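Before any comments, here is the structure.
Below, read A as the first sequence line, B as the second, and so on, with proteins coming before strands; counting in each chain starts at 1. Just so you know, these numbers use all the heavy atoms, side chains as well, and skip hydrogens, waters and symmetry mates. All values reported here derive from a predicted model rather than from experimental measurement.
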Amino acid sequence: NAGVTQTPKFQVLKTGQSMTLQCAQDMNHNSMYWYRQDPGMGLRLIYYSASEGTTDKGEVPNGYNVSRLNKREFSLRLESAAPSQTSVYFCASSEGTRSGGTDTQYFGPGTRLTVL
Amino acid sequence: QKEVEQDPGPLSVPEGAIVSLNCTYSNSAFQYFMWYRQYSRKGPELLMYTYSSGNKEDGRFTAQVDKSSKYISLFIRDSQPSDSATYLCATPSMDTGRRALTFGSGTRLQVQP
């Protein structure tokens with residue numbers, strides 16, 4: 001099993017460009033998440049999908065959109081990139097069957113995005 | 001106020017030292033706490049979790065929760081250079097109806113050989 005995969009690994013954009021970060025999991029998990037990680041800020045939740053067909057905003061959703069394409073895939077789109085979106089982006093998944101958010105989250109390797 | 005606060009460090013210790021990593025949390029309703037470990041340029045991975053008050057031990061690692069002071073700790077005994085990583089505490093986020101986690105900012109640990 002590959003676990004959680006993310007593409008691309010690195011990306012450099014100019015301000016105003018758009019791009020989509022792809023995430024896929026092969027663990028048959030119900031829930032998927034997108035985080036960004038900035039120095040000194042830890043992991044901050046952008047969007048999450050508790051189950052296929054649902055998406056909800058997290059702590060820092062502005063400037064992003066998501067699509068839960070199917071049970072395996074959860075993409076993150078930047079419509080008009082800004083330098084403030086320079087960050088490392090992590091996708092994660094969990095079974096989503098246990099109450100209270102107590103599932104183990106499995107993370108992908110991350111995408112390093114620089115917006116000039 | 002963030003739901004979980006963590007001292008960012010960095011923390012540098014000699015090999016064999018006992019390490020104490022700490023977080024505080026804001027909501028007394030939190031009951032479930034996790035510690036994730038993140039190696040440089042990798043995604044986080046679950047190290048251990050603990051429920052409510054008390055201790056949980058797993059090899060050289062002990063997770064402790066003190067609900068009276070809203071304090072969670074991770075102790076590492078006989079620390080090794082391979083323990084050098086960033087350690088993040090986490091708990092189910094009330095802001096998401098506990099459907100997702102909220103993380104502390106992470107403490108970077110360096111164990112010197």
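Summarising the local packing, NZ of A/Lys57 is surrounded by 12 or fewer heavy atoms from other residues, nucleotides or ligands at distances under 6.0 Å. For NZ of A/Lys71, the number of neighbouring non-hydrogen atoms (other residues, nucleotides, ligands) closer than 6.0 Å is greater than 12. Atom NZ of B/Lys67 is surrounded by more than 12 heavy atoms from other residues, nucleotides or ligands within 6.0 Å. Counting heavy-atom neighbours within 6.0 Å of B/Tyr25 OH, excluding the residue itself, gives a total above 12.
Linking ILVMFWY side-chain heavy atoms closer than 4.5 Å, directly or via other members, places B/Leu11 and B/Phe61 in a single hydrophobic cluster. Note on B/Met48 and A/Tyr106: separate hydrophobic clusters, where clusters join Ile, Leu, Val, Met, Phe, Trp and Tyr whose side-chain heavy atoms are under 4.5 Å apart, directly or indirectly. A single hydrophobic cluster is not seen to contain both B/Phe33 and B/Phe75; linkage of ILVMFWY side chains at heavy-atom distances under 4.5 Å, directly or through other members, places them apart. By the criterion of side-chain heavy atoms lying less than 4.5 angstrom apart, applied directly or through intervening Ile, Leu, Val, Met, Phe, Trp or Tyr residues, B/Tyr49 is grouped together with B/Tyr51 in one hydrophobic cluster. In terms of hydrophobic clustering, with Ile, Leu, Val, Met, Phe, Trp and Tyr side chains grouped at heavy-atom distances under 4.5 Å, A/Phe107 and B/Leu88 are assigned to a common cluster.
In this structure, chain B has a heavy atom under 4.5 Å from the side chain of A/Tyr33, while its backbone stays farther away. For chain B, the nearby part of A/Gln37 is the side chain; its heavy atoms alone come within less than 4.5 Å. No part of B/Gln6 comes within reach of chain A, as not one of its non-hydrogen atoms sits under 4.5 angstrom from that chain.
Contacts between residues 104-113 of chain B and chain A, defined by a heavy-atom separation under 4.5 Å, are made by B/Gly104, B/Ser105. Taking non-hydrogen atoms and a 4.5 Å limit, the residue list of residues 45-53 of chain A in contact with chain B, ordered by number, reads A/Leu45, A/Tyr48, A/Ala50.
The shortest heavy-atom contact between B/Arg41 and A/Phe10 is NH1-CE2, 4.4 Å. Closest of all the heavy-atom pairs between A/Phe90 and B/Gly43 is CE2-CA, 3.4 Å.
At distances below 3.5 Å, at least one donor-acceptor pair connects side-chain atoms of B/Tyr36 with backbone N or O atoms of A/Gln105.
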